Amino acid sequence: MSQYTPAEIEARWQKAWEKNETFKAMRDASKPKYYVLEMFPYPSGRIHMGHVRNYTMGDVIARYKISTGHNVLHPMGWDAFGMPAENAAMAIGGHPKDWTYGNIDDMRSQMKPLGLSIDWSREFATCDPEYYGQQQALFLDFLQAGLVYRKNAIVNWDPVDMTVLANEQVEAGRGWRSGALVERRELTQWFFKISEHSDELLEALDSLDNWPAKVKLMQANWIGKSRGLQFAFSTVGAPDGHDRIEVYTTRPDTLLGASFVGISPDHPLAKLLEKDNPDLAAFCAECRKGGTTEEAIETAEKLGFDTGITVRHPFDTAHELPVYIANFILMDYGTGAIFGCPAHDERDFEFATKYELPIISTYLPSEESSDELDAAFVPPKTDKVFYNRGFAGEQWQTGNEAIDAAIAFCEENGVGQGVTKFRLRDWGLSRQRYWGCPIPVVHCDGCGVVPEKKENLPIELPYDVDFSTPGNPLDRHPTWRDCPCPSCGKPAKRETDTMDTFVDSSWYFARFTAPHADTPTYMEDAAYWMNVDQYIGGVEHAILHLLYARFFARAMQMTGHLPESAIEPFDALFTQGMVTHAIYQTPKQDGRPTYHYPEEVELRDGKAFLKESDQEVEIIPSAKMSKSKNNVVDPLNIISNYGADTARWFVLSDSPPERDVEWTASGAEAAFKHLNRVWNICNRIGEMNKTAQGEGDEDLLRAMHKTIHDVTMGVESFGFNAAIAKLYAFTATLQKSKAGHSTQRAAIMTLAQLMAPMTPHLAEDIWSHQDGEGLIVNAPWPQAEEKMLVDDTITMPIQINGKRRAEINVPADLSKEEVEKIALAHEAVIRTLDGATPKKVIVVPGRIVNVVA
RNA sequence: GCGGGCGUGAUGGAAUGGUAGACAUACCAGACUUAAAAUCUGUUGGGCCUUGUGCCCGUGUGGGUUCGAGUCCCACCGCCCGCACCA
C-alpha cells in the first residue's frame with residue numbers, strides 16, 4: 001500500500017459489491033424498509049454534474065440507511081419518451097427509438113463508475129413496451145373509473161408547418177422551425193380529472209411534514225383555492241340565449257366599484273358575436289395570436305373591444321356597464337367573464353385608463369382620503385380599510401370581513417351564491433407526437449370512441465415512421481391506425497395522440513416496487529416498499545411533476561393498483577440546487593461574446609487569461625452549465641483524472657445541497673488532496689508499532705465521538721457540506737495525533753465509516769487495510785457515546801450591552817448565580833462598567849452572559 | 001404580469017435568536033528541495049491608534065421587535081427559478 005490509485009480501487013470494490021449483490025433489494029419483513037429515490041433522468045446521452053450531485057445525495061442516504069440496519073430499495077430508470085428524440089430524428093436522421101436506447105446504454109455506462117448503490121436489476125425505461133403497456137392498462141382503468149374524459153382545449157398552432165407546437169417550440173411568439181406567428185387553436189383532447197381532487201390535494205399538503213415548506217406553498221398557490229361570489233348580470237342588446245352573463249369574483253366587496261364587464265375571446269358570447277362582426281372577429285383573431293403560456297397572456301399589452309352590449313348593475317338596474325372582450329381573461333378560470341373594478345385592481349386600472357372607463361373606489365385608506373385615485377389601491381386583505389361604497393358589514397373592516405359580508409348579503413338578496421373555486425385546471429394529456437405512449441382508444445364510425453381491449457395491450461408504436469415532414473408521423477402511417485373496433489369488430493381507426501411524458505413519470509416510483517409485473521403493480525410489493533421514504537430532485541419539479549404524481553397515487557388507489565396508505569407517495573422530499581460553473585468570455589467585433597472552455601483558460605491572481613494568447617478573459621461567475629456557453633464540466637473527465645470518490649466528495653462539500661454549487665477546478669483538486677491525505681494517514685497507521693503507547697488517546701477519542709455525532713446529524717438533516725467540514729477537521733486532528741496504535745486504528749476506521757456514504761470505494765479500501773470485518777458497506781454505523789460529548793469546563797463569552805468584552809472558563813455545571821458572580825468580577829467587565837451598577841445580568845446556561853449597563 | 005426563493009470576506013460557504021466568517025479555495029510567508037512539483041506549518045473582513053487581554057465599523061439598503069438580530073417583522077433594491085405541450 002503506497003499510493004492512492006482511485007481507478008484501480010474503484011473498479012475493484014464495484015466488482016466486489018456486484019459479486020455480493022450488495023444492493024439487490026428483496027422483501028424482508030424482519031428489517032425496516034427504506035425506499036430512497038432520485039428523480040430519474042432523461043436519457044440525453046451524457047451524464048452531467050447535476051446528475052452526479054443528485055445521485056450522490058441519494059446514495060449517501062441509501063448507504064447510511066443500509067448501515068443503520070434498513071432494507072434499502074434504491075432503483076434507477078429512464079424517463080425516455082419526449083421531444084428531444086424526435087428533434088434528433090428530424091435534425092440528424094435516425095430513429096427516436098435507436099437514439100434513445102443508444103443514449104441509455106451510454107448513460108448507464110457513464111453512471112456505473114460512480115459506484116452508486118443501485119439495484120440495477122430493477123432498471124427500466126418508460127419507452128419499454130413492457131412499461132408503457134401497463135401505463136395503457138392504467139389509462140383504461142382510469143377511463144372506466146371516470147377519471148379521464150375528452151374536451152376541447154387550446155394549443156399552439158404553427159400555420160406554416162401545420163403542426164402543434166410545444167411552448168418550448170415557440171420563440172418570441174413564432175414557431176421555431178418555420179418562424180411563422182403562432183396562433184391559438186382548439187383541439188379535442190384527453191384530460192385527467194385532477195381538478196376534482198383539488199381540495200383533497202390541497203388539504204393533504206398539511207400531512208407532508210417532511211416536504212420543504214416552499215414546495216407545499218407553491219403547490220397550494222398552484223391549486224389556488226378561492227372563495228368568491230358567482231352571479232349573473234342581465235344583458236341589454238345581447239343575442240338570444242345570452243340574456244345573462246355569469247361572472248365570478250373573489251372581491252364581491254368591490255361590486256359598487258364595477259365599471260365594465262370583460263369576457264374572454266373564447267367565451268361563447270364572443271364566439272357568437274364573432275360570426276357577424278368582422279371587426280370583432282379580427283380583434284379575437286388578434287387575441288389568439290401568441291403562445292398559450294400564462295406568462296405570454298399576462299404580459300401581453302391589455303387589449304379590449306367594446307361589444308356595444310351593456311349589462312345592468314345588480315344593485316341599480318338603471319346603471320349600465322359596457323361589455324368588453326379582453327385578451328387577459330382566461331376561459332379556463334372561473335366563468336371566463338369578470339367585472340372590472342379599476343380602483344382596486346392594477347390590471348383593471350390599466351385597462352380603464354386606456355379605454356377611459358370610470359374609476360370608482362369602494363374603500364379608502366381613511367375617511368379623509370380622496371377617492372380620486374391615480375393608481376389602483378390594493379391593500380392586503382387583512383388590512384382594515386374604510387368602505388366609502390360598502391354595502392354589507394361595517395364601514396371599517398378588513399377585506400376578508402367585507403368579502404364574507406358581501407357574499408352573505410348577496411345570497412340573502414338573491415343576487416348570487418358564494419362559491420369556492422380552484423385555479424387548478426384538468427390535466428390535458430394528449431400530445432400530437434410520435435415518441436410517447438399511445439393512448440389506447442379506437443375511433444369507430446358506429447360506436448364512437450371505444451377503449452382498446454386489455455388483452456391487445458401494449459399498443460406498440462410502429463417502427464417504420466417518417467420524420468421528413470413536421471407533424472405527427474402516426475397520422476401519416478399507412479396502416480398503423482387501422483384496427484378492428486373493440487366493440488363491434490368493424491374496421492376502425494386508432495387514436496394517434498400519445499400521452500404527455502408527465503404521465504410516464506407519475507407512477508414509475510410505484511413500478512419500481514415490482515418492475516417486471518404483468519399488471520401495473522403487485523399489491524404485495526407495493527404494500528411492502530411504498531412509500532418512497534426519501535425523494536430527491538430538482539426544485540423545477542416542485543409543482544407539476546409532484547402534483548401529478550400525487551394525483552396518480554390517488555387514482556391508482558381508486559383503481560386498485562396501490563394501497564390506501566400510498567396516496568401520498570413521497571414521505572419526505574428534498575429539492576437540490578444546480579451545479580454551476582463560471583463562464584469565460586471575450587468580446588467579438590459584432591458585440592456578441594466568444595465563449596471559452598475552462599481548459600483553454602489559465603487563472604492567475606483571480607483573473608483569467610487565454611493560455612494561447614495571454615489575452616485577458618472576462619469571468620462570469622456561477623452560471624447554469626450550458627453547452628452553448630462552453631461551461632460544461634464532463635463528469636467523465638473528472639472521474640478519469642481523480643476518480644469517482646473525488647467527484648462525489650466535491651459535489652457534496654462546497655455548498656448546502658438545496659443551493660446551487662459552483663464547480664471549480666481548485667475545489668475538485670482540494671477534494672482529491674483530502675482523499676490522498678486520508679489514504680496516507682491509513683498508510684501511516686498501518687505501519688505503526690502495534691503495541692506502542694502514545695499520548696492524547698482520550699483527546700482523540702473525544703474528537704472522534706464528537707465527529708460521529710456531528711456527521712450523523714449532518715447526514716440525517718441533509719447538511720452534507722457541514723458534515724464534510726467536520727470530517728476535514730477530524731482528519732486534521734487525526735493527522736497530528738500522537739495517540740497509540742489501537743486508538744489511531746479505531747479513529748481511522750471510524751473516519752472511513754463516516755466517509756463511506758460519500759466516498760465508498762476509498763472507505764472500503766481503508767477498512768480492508770485495517771482488517772475490518774467484511775465490507776464496510778455492511779458494517780453497522782458507529783455510535784457516539786454520550787459521555788464523550790460533554791466537556792467538563794466550557795468557555796462562556798461575556799457581553800456588555802450586546803458587545804463581547806471578555807470570556808471566562810467555568811465548570812459546565814456551575815449555577816447561574818456563580819457564573820454571574822465570576823462574570824461581574826472579571827477585570828475587563830469592571831473596566832468597561834467603570835463603576836456603574838449593571839441594570840440586569842442575563843445568563844444563558846452553557847451559552848453566554850449579557851450584562852446590561 | 002402572477003407565484004416562489006436567494007443576498008455574509010477576494011471566492012464557495014458556516015452560524016438551535018447568543019463570541020459573525022467554521023471548513024474549503026485564493027493570496028502571502030515559512031519548512032523541505034540544487035530547483036520545481038508534491039507535502040507540511042503559519043498569516044489574512046475593513047479601519048484607527050496609545051500595538052493592547054485595545055477601540056470603532058461590518059452579514060444588499062432603510063426602519064422595527066429584543067438584554068442580544070446574519071437569523072424574527074415591515075418596506076425597498078438586486079439576482080435566480082416556475083407559470084400547465086421542455087424534461
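All values below were derived from every heavy atom in this structure, side-chain atoms included, with hydrogens, water molecules and symmetry-related copies excluded. So you know, we letter chains A, B, ... as the sequences are listed, proteins then strands, and number each from 1. Just so you know, these numbers come straight off a predicted model, no measurement behind them.
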Please report the distance separating the [atom1] of [N] from the corresponding atom of [M], rounded so that it comes out in whole Å.
N      : M      : atom1 : value
B:rC55 : B:rU43 : C1'   : 22 Å
B:rG70 : B:rG9  : C1'   : 14 Å
B:rC72 : B:rG18 : C1'   : 15 Å
B:rC6  : B:rC74 : P     : 14 Å
B:rU8  : B:rG60 : C1'   : 10 Å
B:rA14 : B:rU65 : C1'   : 26 Å
B:rG62 : B:rG7  : C1'   : 16 Å
B:rU34 : B:rC28 : C1'   : 25 Å

Would you indicate what [X] reaches in the nucleic acid, counting non-hydrogen atoms under 4.0 angstrom: base, sugar-phosphate, or nothing?
X      : value
A:G428 : sugar-phosphate
A:E350 : nothing
A:E827 : base
A:W222 : base
A:V852 : sugar-phosphate
A:H674 : nothing
A:N801 : nothing
A:L547 : nothing
A:G82  : sugar-phosphate
A:K302 : nothing
A:F328 : nothing
A:P656 : sugar-phosphate
A:I842 : base
A:K726 : nothing

Between [options], which nucleotide has the shortest distance from any of its atoms to the side chain of [X]?
X      : options                : value
A:P797 : B:rA24, B:rU19, B:rA84 : B:rU19
A:R805 : B:rC56, B:rG1, B:rC86  : B:rC56
A:E295 : B:rG4, B:rA20, B:rC83  : B:rC83

Examine [N]: is either OP1 or OP2 under 4.0 Å from a nitrogen or oxygen in the side chain of [X]? Give yes or no.
X      : N      : answer
A:K214 : B:rC80 : no
A:Q169 : B:rC86 : no
A:T501 : B:rA87 : yes
A:R659 : B:rC80 : no
A:N221 : B:rG4  : yes
A:N850 : B:rG18 : no

Problem set entry | Identity of whatever pairs with B:rC83 - Watson-Crick or G-U, under 3.5 angstrom |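 B:rG1 is the nucleotide pairing with B:rC83.
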Exercise. Given atom CH2 of A:W427 and atom P of B:rA84, what is their separation to the nearest angstrom?
Worked result: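 It works out to 15 Å between those atoms.
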Exercise. Rounded to the nearest Å, what distance is computed from the CZ atom of residue A:R425 to the P atom of nucleotide B:rA84?
Worked result: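 From A:R425 CZ to B:rA84 P: 7 Å.
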So, [X] and [Y]: side-chain donor and acceptor under 3.5 Å apart, yes or no?
X      : Y      : result
A:D475 : A:T496 : yes
A:W190 : A:E495 : yes
A:Q189 : A:D497 : no
A:D426 : A:S195 : yes
A:W78  : A:Y508 : no

Exercise. Taking O4'-C1'-N9-C4 for purines and O4'-C1'-N1-C2 for pyrimidines, is B:rG46 syn (within 90° of 0) or anti?
Worked result: anti
For this session: Establish, yes or no, whether a centroid distance under 6.0 Å links the rings of A:Y728 and A:F730.
Result: no
Exercise. In terms of the nearest nucleotide of RNA chain B, which residue is placed more toward the 5' end: A:Y728 or A:K840?
Worked result: A:Y728
For this session: Can you check whether any acceptor in the base of B:rU16 is under 3.5 Å from a donor in the side chain of A:R847, or vice versa?
Result: yes
Exercise. Run the side-chain hydrogen bond (donor to acceptor under 3.5 Å, both in side chains) check on A:T188 and A:N152 step by step: do they pass?
Worked result: CA-CA 4 Å; A:T188 305; A:N152 285 350; 3.0 Å; yes
Exercise. Would you call A:K214 and A:E658 a salt bridge, taking side-chain N to carboxylate O under 4.0 Å as the test?
Worked result: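 Here A:K214 does not pair with A:E658 in a salt bridge, since their nearest N and O are not under 4.0 Å apart.
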